[in-house]
2 protein chains.
Amino acid sequence: MLYGMTSPADDRSLPLRDRKRLRTRRTLAETALRLFTAHGFDAVTLDRLVDEVEVSKSTFFRAFPAKEAVAVEAETELWRAYLDQLRGRDLSGNVLDALHTRLTGAVEALDPGWDERYRATRRLVLTAPALLAYVDHHRTGVEDEAAAHLADRLGLDADDLRPRVLARITTTCWSVAARAWVRDDGRGGRAALLNALADAHRSVPASLALTAGR
Amino acid sequence: MLYGMTSPADDRSLPLRDRKRLRTRRTLAETALRLFTAHGFDAVTLDRLVDEVEVSKSTFFRAFPAKEAVAVEAETELWRAYLDQLRGRDLSGNVLDALHTRLTGAVEALDPGWDERYRATRRLVLTAPALLAYVDHHRTGVEDEAAAHLADRLGLDADDLRPRVLARITTTCWSVAARAWVRDDGRGGRAALLNALADAHRSVPASLALTAGR
DNA sequence: TACCAAACGAGACCGAGTGTCACTATCGGC
DNA sequence: GCCGATAGTGACACTCGGTCTCGTTTGGTA
């Protein structure tokens, strides 16, 4: 199997065992995205997927917690990077701006192939209700974790409303920006995506003031 | 709407067929809540539940789309009432305030037994990951629908950020208020719940301004 | 080389959810 | 009150995702 440019799975510094595990994981995700895109999420059974990759079902479930998970790897990577950024850097100034900055940093840290995989994932999600449910839930978990982290870092009460609101606003901005970007087939690359995200964040303060014309 | 002791399933104005269907539905929800609470969501199989109620599995799936759904009926009722309020009344003034008012109205419209059932549901959700995922997804759907309705009513673009942000803020306020209320075992009844909800909404504007101490 | 631990494959098993079909009960028209 | 159309029901077979067990292989280590 040819990988072109190097990737985590080729990292010679890792023990062979781990490299193999990562390679299996990546092969599963790639194959899954290809099969699901070609025939639909529901039409491709797990048996067929693991057969294609030539691993056992056991191996699949050691790599992924559910069928849905392997289809939305790109989504998972994004939010993992976001939470990493959040944990890794100090906070100062306006918190919503900080969240925006961390999300931007996360996107910039993703590997070069991510763009393509993310768009394929999002298109897939639109066709399979089970996937939509899965990402909704996953995103909620990310929001909770981000909010908990903020509350901790800022010394706030565990169920203070404010960090929760901010965490949810940030993911909402992402949804809107990403949807438009995917609709445009990723035109403009990551720069365009991050521009859309910044636009979204800029228009947040106006939201609270929104009024219905009499 | 006041049902007193009678309930929708006893409403003599409905055709007998519909009354039966509603009664089955209610019995399933009640029995499910009882069994799940007593033995755990995972430990009670659908076969056992339908056996207890003396209906077939087919009948169950005609009444509910999934095992999770029957466990969170109270949650579903709340958000259905919320969307009803939203669709049924005109908008004027600040939109976030309006959403708060609609949610309050929804709570007031729920039947008297709802309080107890909702608390049982929420306690259950804390113990079963599958239920958590289900309500997360369901709530996201409600937010989407509310946002779409607002956008339509206000003549905004379909992916305008503002109604989405407001819709999500309102459900976030609900989460925080309801969690505290359930933790207190519903002390103070609905009045206390609605007070907590109002408090939450009042503290929203301060969120955007939140800053990290330098 | 020998040993240990970790990952793997095979396959039995469970339970949710779907589809089919014959049966039964309700409803509306007469 | 009778009767045909129709909607709801039960029984059952089936698919498929996910768990568990256990014997085997493979990479790390002394």
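In what follows, chains are A, B, ... by sequence order, proteins preceding strands, each numbered from 1.
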What is the separation between atom [atom1] on [X] and atom [atom2] on [N], rounded to the nearest whole Å?
X	N	atom1	atom2	value
A/Arg19	D/dT26	CZ	P	17 Å
B/Leu46	C/dG17	CG	C1'	9 Å
B/Asp51	D/dG10	CG	P	12 Å
A/Arg23	C/dA7	CZ	P	15 Å
A/Arg21	C/dA7	CZ	P	6 Å
A/Leu22	D/dG27	CG	C1'	15 Å
A/Asp18	C/dA5	CG	P	17 Å
B/Asp47	C/dC13	CG	C1'	15 Å

TODO: Classify the nucleic acid contact of A/Thr59 as base, sugar-phosphate or nothing, counting any heavy atom under 4.0 Å across all strands shown.
DONE: sugar-phosphate
Open item on the list: Under 4.0 Å, heavy atoms only, any strand: does A/Thr45 hit a base, just the sugar-phosphate, or nothing?
Closed with: sugar-phosphate
TODO: Taking salt bridge (Lys or Arg N to Asp or Glu O under 4.0 Å) as the test, write out the residues that go with B/Asp152, two or more places apart.
DONE: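 With neighbours one apart ignored, the set is empty.
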Open item on the list: Regarding B/Thr104 and B/Thr101, do their side chains bring together a donor and an acceptor under 3.5 Å, going by distance alone?
Closed with: no
TODO: Scan side-chain atoms only and decide if B/Arg139 and B/Ser175 contain a donor-acceptor pair under the 3.5 Å cut-off.
DONE: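 Side-chain D/A pair, B/Arg139 to B/Ser175: present.
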Task: Sub-4.0 Å heavy-atom contacts from residues 60-67 of chain B onto DNA chain C, ordered by number - done: B/Phe61, B/Ala66, B/Lys67
What nucleotide, of [options], holds the atom closest to the side chain of [X]?
X	options	answer
B/Lys20	C/dA25, C/dT18, C/dG19	C/dA25
B/Lys57	D/dG10, C/dG17, C/dC8	C/dG17
B/Ser58	C/dA7, C/dG19, C/dG11	C/dG19

TODO: Assess B/Arg190 against B/Trp181: is NZ or CZ under 6.0 Å from the centre of the six-membered ring, and within 45 degrees of the ring's axis?
DONE: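 No, B/Arg190 and B/Trp181 do not form such a contact.
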Decide, yes or no, whether a salt bridge links [X] with [Y] under the criterion of side-chain N to carboxylate O below 4.0 Å.
X	Y	result
B/Glu75	B/Arg122	yes
A/Arg48	A/Asp51	no
B/Asp159	B/Arg164	no

Open item on the list: Go nucleotide by nucleotide along DNA chain D from the 5' end; which of A/Arg17 and A/Ala43 gets its closest nucleotide reached first?
Closed with: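 The residue mapped nearer the 5' terminus is A/Ala43.
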